[in-house]
Asker: 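Before I ask anything, here is the structure I am working with.
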Amino acid sequence: MLENFIPYSTQSINDDDKQAVLDALCSTHLTQGQYVQQFEHAIATYIGTKHAISFNAATSALYAAFYALKEYIVSGTYKEEIRLQNATNFNYAMQHKTMSIITTPISFVATTNMMLANNIVPIFADIAMDGNIELHGLESLLREDTIAICSVDYAGNSVNMRAFQAFAKKHNLLWIADSSHAFGASYANEKVGTLADMSIFSFHAVKPFTTCEGGALMCNNDFFAHLASLVCSHGIIKHTAYNHDCVTLGFNFRLHEVSASLGLSQLKRLESFLAKRKEIAKFYDSYFHDNPYCSVLTIPQEVKSTYHLYPLLLHPSLFTQKADIINTLIQHNIGVQVHYKPIYNFQAYKHLQSPTLNNAEKFYHAELSIPCHQNMALHQAQVVADIIMRTLESYAKK
Ligand SMILES: *Cc1c(COP(=O)(O)O)cnc(C)c1O
C-alpha cells in the first residue's frame, strides 16, 4: 500500500514557478502583455517553427487549426500552392463545401470534437499496437472530399514524421498533428512540431509541462498563423490603436499572462521533467519485460518520447477482469487510467456509423496507463510495479 495516491500523471511546481506566477500577477498587464509574447517566442524557438500562437487550451488550438484549414479551402488560398492547385480533393471540397479528415479513434475526444465543430467529418483509421495510426493500407479510406490526415503522438511517442509527410504529399493532403502529448519529443532527431502543416500542443496540468490550462498551434505557413490568431482573439485586426476591424467570427481563446509566465518557468524545467519520466519508464520497461500478464509498448529506436503516458497492455485473458483490476489498484492508491475508448463508440459519434476497428478495440481492452511523472521517485515506481504485478497475478489465478 502506498501512503498517498499517485496519479497517472501530474505537474511539478517549484519556487521558481511560484515566483513566475507572482511576477506576472503583480505586473501591469494580466492579459495581452509581454509574457504571452515571450512565451510564444520561447516555444517557437525551442521547437523550431516560424509561428507559435498560444491558446487557453489545446482544444481551442485544434479548433483554430481546423478553422484555418477550412478557410484555406473555401477562400481558394490552397491554389497558391502548386502542389494543391489541381488537387481534385481540394477542388471538390471547395465546390461542395464538404470536408473529411482521416484520424485515429485512440485519442482524447477533443481531436475530433473540434473537427465536427467545423463541420469536418472525421474518418477513423485503425492503429498499430503502439497506439499510433497505422499508415499502411490507409488509401482505401480516402474520399473525394478528404483534405487532411490528423495524427496523434500517442503517449508522447512521435509518429514516423517523414512517413506521414510523404503520405500527405502523395495524396494531396495536409497533415495536422495533434501533438498534445509530445512537446519535447522527436523522431530521428527531428522535433515533433516541425514537419506537419500545423502542430498542436497541450499545456494542461498532466501534459509534459504546464500553464495550468493552455495550448499552442505551431506552423511555418503565414496564412494558417494569421487565421489561427484571428480565431484566437475575436477575429479582430487592429489598424491603429483605436481603429480596428472584425474580419471573421473569432472567439476569446487567449492564454493569459500568469499562465504564460508559468509556462516560461516550466519550459526551463522541461528537460529535467522528460529525464525523470524516462528514468521511470525505463525502469518499468525492464520490470514488465517478458511476464505472462501484460506487455509494454514497442517503441522504434528513432523515437525520443515524452512519456506523457506509460501504457501497459494486459494479456487478453485478463480483459474481462480489467474493471476489477482497476478498482483494486485504485484502492492501493495507484491512479491508473485508460487511454482511450475508441471515439466512434461515443454517443455523439454514433451518427457517423464508423466501422469497428480491430486493433483500436483490442488496444482499448488491453490498455492501462500507470503512474509515470516528474513528481515521482524511482522507489515509488518500484512499489507501484510490485503492487501491479501482484494484482495481475492474483486475477490471473481467478
Ligand atoms: C489533452 C489533449 C487534448 C486537449 O488538450 P487541452 O489543453 O486540455 O484542451 C487534445 N488532444 C489530445 C490528444 C490530448 O491528450
Side-chain angles (χ1 to χ4, degrees), residues 49 51-78 81 84 87 89-90 92-94 96-105 107-125 133 141-153 159 164 168 171-181 193 196-202 214-235 247-254 343-344 346 348-349 351-352 354:
T49 52
H51 303 287
I53 299 120
S54 62
F55 285 84
N56 58 6
T59 303
S60 312
L62 282 163
Y63 181 91
F66 298 129
Y67 181 88
L69 180 60
K70 193 172 64 181
E71 282 300 304
Y72 187 61
I73 290 163
V74 173
S75 68
T77 306
Y78 70 93
E81 199 175 326
L84 299 174
N89 51 337
F90 275 71
Y92 185 95
M94 179 164 102
H96 298 265
K97 300 208 162 32
T98 82
M99 297 168 206
S100 60
I101 296 182
I102 292 180
T103 192
T104 168
S107 181
F108 185 55
V109 70
T111 314
T112 51
N113 277 353
M114 293 303 104
M115 291 179 197
L116 289 172
N118 278 291
N119 283 317
I120 299 173
V121 175
I123 302 171
F124 294 105
I133 295 187
L141 296 177
L142 293 169
R143 296 184 195 167
E144 281 175 307
D145 68 349
T146 304
I147 46 161
I149 182 163
C150 176
S151 58
V152 172
D153 304 297
V159 297
F164 270 74
H171 298 288
N172 290 328
L173 304 171
L174 294 183
W175 170 28
I176 301 192
D178 181 349
S179 296
S180 288
H181 298 183
D197 292 292
M198 288 182 260
S199 296
I200 289 87
F201 292 112
S202 173
L217 185 157
M218 323 287 286
C219 65
N220 293 318
N221 178 300
D222 297 339
F223 179 87
F224 293 150
H226 179 63
L227 263 290
S229 50
L230 277 179
V231 174
C232 182
S233 196
H234 308 291
V247 297
T248 189
L249 301 182
F251 297 83
N252 180 352
F253 285 158
R254 293 186 303 257
I343 292 173
Y344 54 73
F346 290 134
Y349 285 78
H351 70 284
L352 295 176
S354 304

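These numbers were taken from a predicted model, which means no experiment stands behind them. Counting begins at 1 with the first residue of the sequence.
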Asker: Suppose we call two aromatic rings close when their centres sit under 6.0 Å apart. Are Tyr63 and Phe55 close by that rule?
Answerer: no
Asker: Give a yes-or-no answer on whether the side chains of Thr98 and Asp145 include a donor-acceptor pair shorter than 3.5 Å.
Answerer: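 Checked: Thr98/Asp145 side chains pair up, N/O donor to acceptor below 3.5 Å.
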Asker: Can a side-chain donor-acceptor contact be found between Ser354 and Tyr349 if the only test is distance below 3.5 angstrom?
Answerer: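 Note: Tyr349 and Ser354 side chains miss the donor-acceptor criterion.
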Asker: Taking atom types as modelled, is there a side-chain donor on Asp197 or Tyr72 under 3.5 Å from an acceptor on the other?
Answerer: no
Asker: For His226, enumerate each residue passing the ring pair (Phe, Tyr, Trp, His ring centres under 6.0 Å) test, keeping only those at least two apart in sequence or located in another chain.
Answerer: none
Asker: Is it the case that the side chains of Asp222 and His51 hold a donor-acceptor pair, with the cut-off being a distance below 3.5 Å and no angle test?
Answerer: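 Yes, because at least one side-chain N or O of His51 sits under 3.5 Å from a partner of the opposite role on Asp222.
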Asker: Using the side-chain contact (heavy atoms from CB on, under 4.5 Å) rule, take Thr103 and Ile123 through it: C-alpha gap first, then chi angles, then the decisive distance, then the call.
Answerer: CA-CA 6 Å; Thr103 192; Ile123 302 171; over 6 Å; no
Asker: Just by modelled atom types, is the Phe66 backbone N or O under 3.5 Å from a matching donor or acceptor in the Asn118 side chain?
Answerer: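 It does not hold such a pair.
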Asker: Are the side chain of Thr111 and the backbone of Phe108 linked by a donor-acceptor contact shorter than 3.5 Å?
Answerer: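 Between the backbone of Phe108 and the side chain of Thr111 there is a qualifying donor-acceptor contact (under 3.5 Å).
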Asker: Check for a donor-acceptor pair, side chain of Asn89 on one end and backbone N or O of Asn172 on the other, with a separation under 3.5 Å.
Answerer: yes
Asker: Got a sec, which residues hit salt bridge (Lys or Arg N to Asp or Glu O under 4.0 Å) with Glu144, two or more places apart in sequence or on another chain?
Answerer: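 Salt bridge (Lys or Arg N to Asp or Glu O under 4.0 Å) check on Glu144 returns nothing, list empty.
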Asker: Is a side-chain N or O of Ser75 found less than 3.5 angstrom from the main chain of Glu71, in a donor-acceptor match?
Answerer: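 Between the backbone of Glu71 and the side chain of Ser75 there is a qualifying donor-acceptor contact (under 3.5 Å).
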Asker: Strictly distance-based, threshold 3.5 Å: is any side-chain N or O of Ser60 a donor or acceptor partner for the main-chain N or O of Asn56?
Answerer: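 Flag not set: sc Ser60 to bb Asn56 has no pair under 3.5 Å.
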Asker: Run the side-chain contact (heavy atoms from CB on, under 4.5 Å) test on Leu352 and Phe124 for me, step by step, so that the C-alpha distance in whole Å, both residues' side-chain angles and the decisive distance to 0.1 Å come before the verdict.
Answerer: CA-CA 10 Å; Leu352 295 176; Phe124 294 105; 4.3 Å; yes
Asker: Are a donor atom and an acceptor atom from the side chains of Ser100 and Thr146 found within less than 3.5 Å of each other?
Answerer: yes
